Amino acid sequence: MNQPPKPNSFRSGPDEEGRFGIFGGRFVAETLMPLILDLQDEWARAKNDPAFKAELENLGRHYIGRPSPLYFAERLTAELGGAKIYFKREELNHTGSHKINNCIGQILLAKRMGKTRIIAETGAGQHGVASATVAARFGLPCVVYMGATDVERQAPNVFRMKLLGAEVKPVTAGHGTLKDAMNEALRDWVTNVDSTYYLIGTAAGPHPYPEMVRDFQAVIGEEAKQQMLEAEGRLPDLVVAAVGGGSNAIGIFHPFLDDEGVRIVGVEAGGKGLDGDEHCASLTAGSPGVLHGNRTYLLQDGDGQIKEGHSISAGLDYPGIGPEHAWLNDIGRVEYVPIMDHEALEAFQILTRLEGIIPALEPSHALAEVIKRAPKMGKDEIILMNLSGRGDKDIFTVGKILGMGQ
Amino acid sequence: MTARMEQRFADVAAEGRPVLVTYFMGGDPDFDTSLAIMKALQQAGADIIELGVPFSDPMADGPAIQLAGQRALKAGQTLAKTLELARRFRADDQRTPIVLMGYYNPIYIYGVERFLTDALEAGVDGMIVVDLPPEMDDELCIPALAKGISFIRLATPTTDDRRLPKVLENTSGFVYYVSMTGITGSALPDTSLIAGAVARIKAHTSLPVCVGFGVKTADHARAIGATADGVVVGTAIVNQIASSLTEEGRATEATVPGVEALVRGLAAGVRAARLAAAE
């Protein structure tokens with residue numbers, strides 16, 4: 001494949017058709033097209049509306065707790081003996097992850113569009129919880145589709161969603177993970193298109209979702225940039241985030257894309273290793289295809305059938321990735337690497353013991369990469385990592401694997 | 001549009017009745033049985049055959065067609081084998097149009113040019129690709145039309161008058177009106193609403209309009225056929241096949257005859273449609 005030409009800016013995409021290079025687009029059933037076009041118009045109006053911006057900022061500050069802190073991980077830095085490590089503390093947000101940033105934005109749009117019902121898909125349950133939370137806050141009924149496997153391994157989040165008044169529908173098709181939940185949410189949406197707003201949790205799906213979710217999450221990178229300038233007087237040398245669908249990653253990456261000196265690394269779920277099928281490294285080990293409304297890198301067989309994948313982390317257990325990441329990969333601006341289940345587990349424990357922060361298994365993948373790289377970097381260099389979610393939901397899964405019992 | 005498709009609509013119109021379009025999943029429950037089913041559809045009176053291409057993630061399909069696709073994939077069905085089904089059917093029957101129906105990814109991975117060449121050679125007349133709206137016409141629709149293969153588009157209750165011209169622009173063969181917003185296999189809505197929708201579409205195009213989603217019985221076929229140019233039946237056939245299988249999902253002696261009996265009833269329904277309308 002020819003290397004696509006380098007653009008003047010890495011931040012100008014997508015084009016009017018929702019394309020990032022060959023990726024993205026609007027591959028959906030005709031039933032959904034009119035709605036998707038309406039959403040695109042409404043989003044275009046909203047982002048230029050000062051009242052919308054003001055409401056978003058107000059809720060961000062007083063409901064989510066923004067700005068989230070930038071934290072210098074002193075003991076971890078000392079232990080690794082290399083670059084200074086900073087965390088963007090998205091796990092301190094209301095509901096415990098970055099997902100709420102996007103949910104607040106989209107539910108305001110749903111209200112503007114006069115929609116009366118919210119549906120969402122969820123993997124780890126973080127997006128489901130955030131969706132149920134904003135639905136409660138704005139008084140709309142909410143249905144969350146969740147793979148049956150995930151319902152089991154993320155039980156605390158299922159309970160939270162139910163307490164918040166959402167209906168959680170387990171999906172048994174396939175492996176019962178995020179991909180299957182997304183199929184079922186799309187089926188609901190196509191059936192109830194008049195009343196229902198589909199609150200997609202990641203920077204994937206048909207245009208305008210990848211762009212819109214990115215813009216709602218870009219607050220992470222914008223704040224971090226400012227905070228880093230205040231703390232260190234300069235930008236970081238390396239930015240790292242975990243990538244499933246890729247919303248926390250694109251949120252922190254995007255504001256840094258045009259800063260030449262900043263290296264950017266996305267961390268995919270390497271599962272049990274890239275040799276077999278038990279991983280979710282769609283960029284490292286997949287190929288371009290079309291699923292869930294967009295063209296992107298997918299795990300698939302030679303007949304174009306989508307594989308199931310595997311990750312210890314339900315939030316990364318998805319055989320695709322947001323289209324902007326696919327483009328950033330091909331164009332070489334962002335480097336994507338896999339981290340295995342066991343490496344993430346080890347990182348989880350290191351952070352818990354050294355910093356007193358229990359991270360979710362998703363950012364534990366990013367942390368494992370930081371742990372690999374920091375010792376090889378100079379003490380005057382700086383790493384910024386998105387600590388996208390807290391690990392309360394994962395303690396039972398981790399406890400079981402570590403044989404800690406209950 | 002292929003001459004075969006055009007001829008079939010003309011012949012059926014001359015009989016003064018709507019066409020019967022029947023859908024089944026290629027490779028369900030296995031290759032040989034599905035070839036026998038395809039032949040039985042034609043013998044029982046189906047005018048056009050929609051040949052389903054299985055996909056792992058059928059986002060617009062209900063449980064019946066999802067399961068049919070899973071059975072087919074489990075039995076080793078691929079896009080190449082689905083084209084082989086068409087080729088084998090075409091060897092015995094040169095008159096019944098074949099329309100492939102499925103999702104884009106298997107075609108994209110097969111390669112668009114190679115797919116169109118092989119489909120034409122196999123005797124395929126048209127295709128319905130659920131996840132390619134008009135905004136994505138450059139992907140497959142335009143190349144297909146250039147090769148003379150029909151690209152049949154779905155129009156839905158959400159396709160308003162503003163959008164209809166765009167949906168119809170590159171549509172050929174026929175227009176498939178989806179009778180409701182929803183997935184395949186849901187309940188049939190009020191037939192008077194459907195009549196209005198068909199009239200609305202026909203005001204924008206001279207192409208035949210076939211109606212599907214929710215048509216299960218001969219009575220449905222007759223009621224819809226009174227106003228539409230064709231009636232599409234899918235889930236009812238897939239359910240009939242499923243109900244005949246063993247617990248392990250294997251074909252039985254009842255599989256092919258069961259489909260044939262169901263489709264004979266549907267064929268009688270469309271033949272009575274205009275008589276009913278005239279009463």
Side-chain angles (χ1 to χ4, degrees), chain A residues 16-19 22 24-38 40 171-175 179-196 205-207 287-296 298-308 319-320, chain B residues 53-63 66-67 69-70 73 76-82 102-111 115 128-136 138-140 153-160 162-164 166-167 176-178 180-186 213:
Chain A
E16 279 184 15
E17 302 299 316
R19 290 194 158 101
I22 68 160
R26 283 178 289 216
F27 297 88
V28 296
E30 173 58 29
T31 310
L32 297 177
M33 266 321 292
L35 181 72
I36 281 177
L37 295 172
D38 283 352
Q40 193 178 328
V171 180
T172 52
H175 277 197
K179 164 177 92 100
D180 312 299
M182 200 149 183
N183 288 337
E184 213 51 43
L186 282 162
R187 289 183 187 116
D188 180 314
W189 197 25
V190 87
T191 306
N192 301 298
V193 64
D194 285 337
S195 65
T196 298
H207 180 62
S287 57
V290 173
L291 179 71
H292 293 155
N294 54 189
R295 177 165 22 229
T296 188
L298 300 170
L299 300 177
Q300 54 187 332
D301 69 14
D303 187 42
Q305 308 297 338
I306 310 304
K307 293 185 186 174
E308 296 286 347
Chain B
V53 182
F55 181 49
S56 52
D57 294 81
M59 283 96 65
D61 284 303
Q66 289 175 45
L67 289 171
Q70 283 170 24
L73 290 173
Q77 191 70 4
T78 59
L79 178 54
K81 285 186 181 173
T82 308
Y103 296 80
Y104 184 41
N105 198 51
I107 296 171
Y108 178 66
I109 297 306
Y110 194 93
F115 165 74
I128 301 172
V129 184
V130 181
D131 51 355
L132 285 179
E135 281 74 6
M136 298 281 119
D138 291 344
E139 296 280 335
L140 181 63
R153 192 99 63 194
L154 306 181
T156 75
T158 62
T159 315
D160 58 18
R162 203 166 37 117
R163 181 155 174 88
L164 205 44
K166 189 169 180 81
V167 169
Y176 184 150
Y177 180 66
V178 175
M180 69 197 132
T181 62
I183 50 179
T184 52
S186 310
F213 277 43

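Chain identifiers are assigned alphabetically (A, B, ...) following the order of the sequence lines, protein sequences preceding nucleic acid strands; residue numbering begins at 1 within each chain. As the structure is a computational prediction, the values presented were derived from the model and not from experiment.
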Do [X] and [Y] come within less than 4.5 Å of each other through their side chains, counting heavy atoms only?
X      : Y      : value
B:F213 : B:Y176 : yes
A:R26  : A:E17  : yes
A:E16  : A:H207 : no
B:R162 : B:L164 : no
A:V193 : A:P34  : no
B:F55  : B:D57  : yes
B:F115 : B:P106 : no

Measuring heavy-atom distances to chain A, does [X] have an atom under 4.5 Å in its side chain, in its backbone, in both, or in neither?
X      : value
B:P58  : both
B:D61  : backbone
B:V129 : neither
B:M136 : side chain
B:V178 : neither
B:Y110 : neither
B:L73  : side chain

Under a 4.5 Å cutoff for heavy-atom pairs, which residue among [options] has the most contacts with chain B?
options                        : result
A:L298, A:T191, A:D180, A:L37  : A:T191
A:E30, A:M182, A:E184, A:R187  : A:R187
A:H292, A:K307, A:E308         : A:H292
A:L291, A:N192, A:D194, A:D301 : A:L291
A:D188, A:V28, A:L32           : A:V28
A:G304, A:G302, A:P206         : A:G304

Worksheet item: After noting the C-alpha distance and the side-chain angles of B:I183 and A:V190, does the key distance pass the side chain to side chain contact (heavy atoms under 4.5 Å, CB included) rule?
Response: CA-CA 7 Å; B:I183 50 179; A:V190 87; 3.8 Å; yes
Item to complete: Would you mind checking which part of A:L35 comes under 4.5 Å of any heavy atom in chain B, side chain (CB onward), backbone (N, CA, C, O), both or neither?
Response: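 When you check distances to chain B, no heavy atom of A:L35 falls under 4.5 Å.
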Worksheet entry | Per-residue contact mode, A:Q300 against chain B (heavy atom under 4.5 angstrom) |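 A:Q300 touches chain B through side-chain heavy atoms alone.
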Discussion item. Using modelled atom types and a 3.5 Å cut-off, is there a donor and acceptor pairing between side-chain atoms of B:R153 and backbone atoms of B:V167?
Written reply: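 Yes; at least one donor-acceptor contact below 3.5 Å.
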Worksheet item: Given A:R19 and B:E135, is the salt bridge (charged side-chain N to carboxylate O under 4.0 Å, His left out) satisfied, shown in steps?
Response: CA-CA 12 Å; A:R19 290 194 158 101; B:E135 281 74 6; over 6 Å; no
